[in-house]
Amino acid sequence: MEILFHHTTFKKITNNLPEDTLYYKVEVNNDFILYNVNTLPTLLIFKNKNLLGHIDGYYNNDNIEEFIDKLNNIIEK
C-alpha cells in the first residue's frame with residue numbers, strides 16, 4: 001500500500017492534524033519548477049501559503065512511521 005498514491009490511506013494517517021489542515025492531489029504542472037520538485041510523488045506542506053517542507057517518494061506499511069515522523073517534524077517547526 002503506497003501512501004502518497006492512495007488518498008484514503010493518507011487521509012487516515014493525517015486525521016490527527018489540526019482541523020484547518022487542507023491537502024489536495026494535483027497534477028503535474030509548472031508548480032514543479034516553482035517549488036523545485038525533482039521526485040514523484042512529492043508532498044508539499046504549506047502553512048499560511050508558505051512552504052514549510054516536503055516529503056518525497058512512496059511510503060508503504062513497512063515505513064509508515066518514517067513518513068509520520070517526517071510529517072510531524074515539518075509541521076512542528
Side-chain angles (χ1 to χ4, degrees):
M1 184 161 47
E2 295 169 330
I3 259 206
L4 293 182
F5 185 74
H6 295 287
H7 174 76
T8 54
T9 303
F10 181 74
K11 188 174 184 177
K12 183 178 173 183
I13 66 161
T14 58
N15 65 358
N16 291 331
L17 294 177
E19 244 179 62
D20 61 348
T21 302
L22 303 174
Y23 56 91
Y24 302 94
K25 180 179 177 183
V26 297
E27 301 301 323
V28 176
N29 58 30
N30 291 335
D31 291 340
F32 275 56
I33 297 167
L34 178 64
Y35 296 112
N36 198 27
V37 173
N38 298 315
T39 304
L40 291 177
T42 293
L43 174 66
L44 301 174
I45 297 106
F46 294 86
K47 183 175 185 176
N48 298 324
K49 299 182 182 180
N50 295 313
L51 180 64
L52 297 179
H54 61 88
I55 301 174
D56 302 322
Y58 286 104
Y59 289 82
N60 57 37
N61 287 333
D62 295 334
N63 59 0
I64 191 70
E65 291 301 321
E66 179 185 350
F67 175 84
I68 292 169
D69 288 344
K70 286 181 178 185
L71 182 61
N72 286 333
N73 287 335
I74 291 170
I75 291 171
E76 292 171 0
K77 283 184 184 177

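Since we're looking at a predicted model, the values are computed, not measured.
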Set of side-chain contact (heavy atoms from CB on, under 4.5 Å) partners for [X], sequence neighbours left out:
X     : value
Phe46 : Tyr35, Leu44, Leu51
Glu66 : Tyr59, Asn63, Lys70
Asn72 : Ile68, Glu76
Leu52 : Ile45, Lys47, Ile74

Separation between NE2 of His54 and OG1 of Thr39, rounded to the nearest 0.5 Å: 8.5 Å
